[in-house]
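What follows is a set of notes on a single structure, which appears directly below.
Just so we're on the same page: letters track the sequence lines, and every chain starts at 1.
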Number of protein chains: 2
Amino acid sequence: MKRNTSDVCEVYYVNEKHVAKARKALSPEREILAVAETFRNLGDPTRVKILQALTVEELCVCDLAKLLGVSESATSHQLRVLRSQKLVRFRREGKMAYYSLDDEHIDSLMREVLRHVREGVA
Amino acid sequence: MKRNTSDVCEVYYVNEKHVAKARKALSPEREILAVAETFRNLGDPTRVKILQALTVEELCVCDLAKLLGVSESATSHQLRVLRSQKLVRFRREGKMAYYSLDDEHIDSLMREVLRHVREGVA
DNA sequence: ATCAAGCATGAACATATGTTCAGGTGTATT
DNA sequence: AATACACCTGAACATATGTTCATGCTTGAT
């Protein structure tokens, strides 16, 4: 049957002090959005592979496409996503575009999440 | 007009040594998928807020819904996603369910990505 | 200038994602 | 036992996402 419109538990059960305390820990909305978007961009197997590969050395779109086993077009689209969040940068050399990781945080994130994932298996 | 079927650049331009070297850096496929899925689960503003809030202290669904300004149902669905990747865990106490971060990696990930995001602004 | 190679992009499509809605579970209180 | 509350879940819906296809763009060679 239909419930209360708000469907949120009554006020006397919400611990206002806890809520207030937790609210202070929240980053401003624009930071939250940026964080979420960054994680979202990291949340695709193809892009994870790209970043892992670039951990070793810079690579051109051509090499990446070959490595990933997908088309250059798909690779280029993914690189665009990664560029949009400044996860990778690139330099042009003649007709080629060489991509590399943008900063050292990316490497740290990948290592940390790998630890989490490996613990989960154990 | 229509191009080559494969649309992948010719072999003589792919640097096979670089590709081989980069390939070695890649985690096994199942780890790649787990990493991507973990990041994907972190890639939503509501879930980011939940995790930031739980950094401070454990909270019940009720408190979280109030904090986020969304319905309990939506909150519960999001918590389910976070549980599926072992990002949060919970304990029952009577009718309430108290959620907290599952391990310390989550905290590290949030801090690291915040550094990345803040650099981007500068 | 013309052509080809490497890369980038726009549109379209199938699939995935997050929310709402309606209802279902389990526990405490009466 | 009956009710109320806190939380959970399945289905449906609108929107977002990633790939493919076709085509532009830019550079280097002829």
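- Taking atom CZ of B/Phe90 as the reference point, atom P of C/dG26 lies 13 Å away to the nearest angstrom.
- Heavy-atom distances to DNA chain D give each of A/Gly94 and B/Ala74 a nearest nucleotide, and the one nearer the 5′ end belongs to B/Ala74.
- For the segment residues 76-83 of chain B, the set of residues with a heavy atom within less than 4.0 Å of an atom of DNA chain D comprises B/Ser76, B/His77, B/Arg80, B/Arg83, in numerical order.
- With hydrogens and angles ignored, no donor-acceptor pair under 3.5 angstrom links the side chain of B/Thr75 to the base of D/dC7.
- When the salt bridge (charged side-chain N to carboxylate O under 4.0 Å, His left out) test is applied to A/Asp107, the partners found at least two apart in sequence or on another chain are A/Arg111.
- Partners of B/Ala74 by side-chain contact (heavy atoms from CB on, under 4.5 Å), not counting sequence neighbours, listed by chain and number: B/Val70, B/Ser71.
- Across the interface with DNA chain D, nearest-nucleotide mapping of A/Thr46 and A/Glu93 shows A/Thr46 to be the residue nearer the 5′ end.
- Residue-to-nucleotide contacts include no donor-acceptor pair under 3.5 Å from the side chain of B/Ser73 to the base of D/dC7.
- For A/Tyr98 and C/dG6, the OH to P distance is 11 Å, given to the nearest whole Å.
- Look at CZ on A/Arg92: it is 13 Å from P on C/dG6, rounded to the nearest Å.
- For B/Ala53, the side-chain contact (heavy atoms from CB on, under 4.5 Å) partners at least two apart in sequence or on another chain are A/Ala22, A/Leu26, B/Leu59, B/Leu64, B/Leu67.
- Scanning both residues, B/His116 and A/Lys86, for their nearest heavy atoms gives CE1-O, 3.2 Å.
- The distance from atom CZ of A/Arg91 to atom P of D/dT27 is 16 Å, rounded to the nearest whole Å.
- As a whole-Å value, the separation of B/Phe39 CZ from D/dG18 P is 15 Å.
- A single hydrophobic cluster is seen to contain both B/Tyr99 and B/Met110, as judged by linkage of ILVMFWY side chains at heavy-atom distances under 4.5 Å, directly or through other members.
- Separating the CZ atom of A/Arg47 from the C1' atom of D/dT19 is a distance of 12 Å, rounded to the nearest angstrom.
- Among the heavy atoms of the strands lying under 4.0 Å from B/Tyr99 are primed sugar atoms or P, OP1, OP2 only; no base atom is included.
- Partners of B/Arg115 by salt bridge (charged side-chain N to carboxylate O under 4.0 Å, His left out), not counting sequence neighbours, listed by chain and number: B/Glu112.
- What separates CG of B/Asn41 from P of C/dA16 is a distance of 15 Å, to the nearest Å.
- When distances are taken from the side chain of A/Lys95 to each of D/dC8, C/dC7, C/dA5, the shortest belongs to C/dA5.
- Put simply, CD on A/Glu72 is 9 Å from P on C/dA8, counting in whole angstrom units.
- Among residues two or more places apart in sequence or in another chain, the side-chain contact (heavy atoms from CB on, under 4.5 Å) test is passed with B/Ala34 by A/Val117.
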